[in-house]
Structures are given as structure tokens and as C-alpha cells.
Amino acid sequence: MPKPTHGSDSVQGGLLRGATDATDYFYFFCPKCPDDQLVRVLGYTVVSDEPGNRYDAECKRKAKRSFSLKFHLNCDSCGFDDIVKISNTGWQGGKHAATLTDQIQKPA
């Protein structure tokens with residue numbers, strides 16, 4: 001079975017949320033469980049890692065690299081299992097609502 005390249009509908013469209021704790025650690029909330037049940041990050045994959053960044057000309061601060069990281073998420077409570085990616089090759093600022101429009105192309 002090939003490894004998925006995109007997360008399911010459960011993590012798209014603004015449905016996956018999270019927050020930091022009392023420190024600077026970020027946690028994802030299970031999109032299926034109530035009361036902000038935390039999911040575990042079981043692993044990660046470096047999807048891309050390249051010098052430079054295509055948004056450097058548009059942004060005040062420059063990124064040293066372009067990267068995408070894929071995280072494998074799992075909820076011990078309900079069995080939710082999915083992936084999510086974090087990247088600096090997609091949206092570089094603006095309002096969250098703009099990322100949810102049908103006219104916008106999703107980053108890889």
C-alpha cells in the first residue's frame with residue numbers, strides 16, 4: 001500500500017486544530033474526539049528540504065531553506081490515524097479564511 005501524500009478530509013479545511021502548552025510545545029487536537037483530546041505524533045518524514053525560498057522576494061524576512069515536514073498523527077482514545085504537513089512553501093501570511101477558498105491552490 002503506498003504511503004498517503006495528503007491527509008484525509010478530517011485534517012483539511014480548517015478542521016485540524018492545536019495549541020501550545022504552558023511552554024512552547026505545540027500539540028494537535030483530535031478532530032474526532034470532544035474536549036480537545038491530544039493526538040500523538042508517531043513519526044515524521046522530511047518531504048522536501050532545499051536552499052532558498054520562492055517567497056523571499058515578497059517577504060521582509062528571508063528563509064534560509066524551503067521545507068515540508070509530514071507528521072503521522074494518532075489518537076489513542078478513538079483510533080484516529082492520519083497525516084498532516086507543515087511547510088514554508090505555501091501561504092506566507094494573510095488571513096486563515098483566504099486559505100480555505102476554492103480558488104486557492106493548496107501547497108504540496
Tell me whether [X] contacts the main-chain N or O of [Y] through its side chain, where contact means a donor paired with an acceptor under 3.5 Å.
X	Y	result
Asp76	Val39	no
Ser48	Phe67	no
Asp21	Thr23	yes

Of the non-hydrogen atoms in [X] and [Y], which two are nearest, and what is the gap between them?
X	Y	answer
Leu15	Ser10	CB-O, 3.3 Å
Gly7	Asp82	CA-OD1, 3.3 Å
Arg61	Asp56	O-OD1, 4.3 Å
Asp24	Thr20	O-CG2, 4.1 Å
Phe29	Ala19	CZ-CB, 3.7 Å
Lys70	Val47	CB-CG2, 3.7 Å

>> Do Val11 and Leu42 sit in one hydrophobic cluster, given that two such residues count as connected whenever their side-chain heavy atoms are within less than 4.5 Å of each other, even indirectly?
In response: no
>> Test of understanding: clusters of I, L, V, M, F, W, Y form through side-chain heavy atoms closer than 4.5 Å, transitively. Do Phe71 and Val46 belong to the same one?
In response: yes
> Of all residues at least two apart in sequence or in a different chain, which pass the ring-ring contact (aromatic ring centres under 6.0 Å, His included) check with Phe26?
Replying inline: Phe28
